[in-house]
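These notes are about the structure you will find just below.
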Amino acid sequence: MSYDLEQENKEILARYKDLISNTYRTLDEENNKLIRKAFDIALDAHKDQRRKSGEPYIYHPIAVAKIVATEIGLGATSIACALLHDVIEDSDYTYEDLKKIFGEKIANIVNGLTKISIMNHQNISVQSENYRKLLLTLSEDFRVILIKIADRLHNMRTLESMAPDKQKKIASETVYIYAPMAHRLGLYNIKSELEDLSLKYNSPEVYNEITEKLELAKESRERYIEEFKKEASERLREEGLNFKIKGRAKAISSIYRKMLKQGVSFEEVFDNYAIRIIYKSDAKNEKFLAWKIYSIVTDVYHSNPSRMRDWITQPRSTGYESLHLTVLGPDRKWIEVQIRSERMDEIAEKGVAAHYKYKEGYKQSSDDRNFEKWVTEIREVLEQQQNLSTSELLDNIKLNLYSKEVFVFTPKGEIKILPTNATALDFAFSVHSDLGMKCLGAKINGKLVPISYILQNGDQIDILSSQNQKPKSDWLEFVVTSKAKSKIKSYLNSQKNQLVEEGKETLQRKLRHAKINFNDEEVNKLQKFFNLKSSQELFLKFQTNELDASSLRKYIESKNVFNNLLSRFRKSPTKNLRFEEPKEQNLDMIVFGKDEEKLNYSYAKCCTVIPGDKIFGFITISDGIKVHSDSCPNAINLRAQYDYRVIPAKWVNAESFKNRVKIEIEGLDRMGMINDITTVISGSMGMDMKSMSIESNNGVFMGNINLEVKNKGQLEETFKKLKNINGVSRVRRLQS
């Protein structure tokens, strides 16, 4: 392709000027020089590179730097690092070069970004190990993770130029780890956009449907917000308040989650947009004015007390402060109202970056110390759970990324913030590890309770302990915090270390006899083949002879089949390795890979697949190819962690195949309702109904029906006809 280089150079300069003009703070001469020097180095490093879209690569670091500056609100050092973030990885510039030019601080940040960018898709769990590195960078320099999130946000915004399979892989990875991380760092707008863009590529039909409906409702939504502004503003001005009122639609992904959780349609989600009142205030009157505005709004509109959230009296652990209430606004519709000062709004927009200004010359606040404590806990978990698989580790940490919070009091009246469903034992570990290890029970508000007691907001806790108490394995069943889990597991593991070492030596000896190298990758494969939770469990089973030489032979036989399958779908497939031909009746159902090959497969048990659904194949270690629906609850995790084992799959002749699906139907009960339902299914649609159970309670019925379906089109037409039956309010397909 030919490019207009002169025009591109003008565009590069224009984008750089736009970056400088939009920086979060006015830059002094020294900072301007730093950013200009970083831009010049990045321009030189990427001069011969282009993105998948064909545009100059330098557009990307400039865009990332702009996100860092305007949407996250970091200063000159971070902007320079964002411009340089791909330099070490993609050019001849080295860490030492950057250290000489910019100093150790910037070189270290860029090096941290480089470490978590290098991936090797051919090795098991390398992608997952990448997440482990991502989390480790938190305790080195918080700016590394913020710039990485900005990098991912721009990649998601420009994902349309990638191949569809790459889009799904990157989108799955984003919603699996980057969105939760943005949430925990208080970057709520970025978290919502990452989730929305992930939904756009993982479930385009759902994304497009909600987007269209939001657009159709835009005019009425704007009228509604104007009506609210008119009524509320008049009362607020009477009190001499300086404020502004903004309205916004809720995130598409948030609306979709509510639709799934509540089992309702888009039209039935009553709070799909919110109003925000932002007021000016000095530090002294900030809380007073928030409650004053709350009082005025609830005078004008009836509020729902059960949906009131006070994050001003007790901010979230991310530092988020706001009053949330739900009121019956104009047209008698429920709407969420958020009340916050300009300072609170900046924290809500910029997250932890707003608190961490002291890193670039600002003073540390109590919120910063909360974040530092959380970072320290993450580091402890990473260091103490070396034997865990990365997916288990991530599950533990994600509990503390997305979880809602409960606040409780120590005997001295100090506040502790813990995840919802945390127990008295979690509290003991949060105070001190030794207290957790020796915890016998607790007194909650003066009453004796077991260590498994689930904490409630406002509880005052006094922990009871004994020198004779030791951690037990059943403790793991009710603790939820990463710190408690890691400390308990660490203790329990130390008790069996000797047995584990003996089992490890036994396995090494047996592998050596079988001429197989002993390494982490092989241990991971063995662990998954024998369906074990950890490598320790694997070693223990060899130590107790539950697993022996015959078990190892079965693994080696399956390993050969698995490697043959993988080789077919890599860039240089070995054509002489042929998989066993499938049974005759399966030949015209599903084909796999770019060459549309016919292979043996079976359906995954985690989702219901019917012909016409969008599907993909997943190469398992011990059970051949499993076919999953694109909407499978495990699809995100499989694509995020094991993308190299995901293969394209498509239907060849869906019409000739029948499959069973389960549907749920509900509505107002009446005489003849069951007859009308069966007439549609068996008569009008000619479908085979395998089973039906319907319960009626106070005039409302709910039923489950198992059907034999030919294809997706037949199922959708059946849904339309069922929804047209008088009294039927909802019909939906259930995942098995």
Next item on the list: Output all residues satisfying side-chain contact (heavy atoms from CB on, under 4.5 Å) with Asn517, sequence neighbours left out; order by chain, then residue number.
Entry: Asn519
Margin query: How long is the straight-line distance from CE of Met181 back to OG1 of Thr174, given to the nearest 0.5 Å?
Written below: 13.0 Å
Margin query: Once side chain to side chain donor-acceptor pair (under 3.5 Å) is applied, do any residues pair with Gln467, and if so which ones, sequence neighbours excluded?
Written below: Lys438
Check: Under 6.0 Å from the NZ atom of Lys258, do we count more than 12 heavy atoms belonging to anything else shown?
Finding: yes
Show me the side-chain donor-acceptor pairs of residues 448-460 shorter than 3.5 Å, one per line, residues at least two apart or across chains.
| from | atom 1 | to | atom 2 | distance (Å) |
| --- | --- | --- | --- | --- |
| Tyr453 | OH | Asp459 | OD2 | 2.9 |
| Gln456 | NE2 | Ile454 | O | 3.3 |
| Asn457 | OD1 | Phe407 | N | 2.9 |
| Asp459 | OD1 | Asn445 | ND2 | 3.3 |
| Asp459 | OD2 | Gln456 | N | 2.9 |
| Gln460 | NE2 | Thr410 | O | 3.3 |
| Gln460 | NE2 | Pro411 | O | 3.4 |

Notebook entry, point to check: Do Ile694 and Met702 come within less than 4.5 Å of each other through their side chains, counting heavy atoms only?
Noted result: no
Next item on the list: Compute whether any side-chain donor of one residue and acceptor of the other, for Asp426 and Thr423, lie under 3.5 angstrom apart.
Entry: yes
Notebook entry, point to check: So with a 6.0 Å cut-off around NZ of Lys614, is the heavy-atom count from everything else above 12?
Noted result: no
Note to self: The criterion is salt bridge (Lys or Arg N to Asp or Glu O under 4.0 Å); which residues satisfy it with Glu546, sequence neighbours excluded?
What the structure shows: Lys541
Next item on the list: Using ring-ring contact (aromatic ring centres under 6.0 Å, His included) as the criterion, list what pairs up with Phe616, not counting sequence neighbours.
Entry: His628
Next item on the list: Consider only side-chain N and O atoms of Thr326 and Arg307, and report whether a donor and an acceptor are under 3.5 Å apart.
Entry: yes
Margin query: Can you confirm whether Gln469 is buried at CD, in the sense that more than 12 heavy atoms of other residues, nucleotides or ligands lie under 6.0 Å from that atom?
Written below: yes
Next item on the list: Report the residues that fulfil side-chain contact (heavy atoms from CB on, under 4.5 Å) with Leu511, sequence neighbours left out, ordered by chain and then residue number.
Entry: Leu507, Ile516, Phe518, Leu526, Leu552
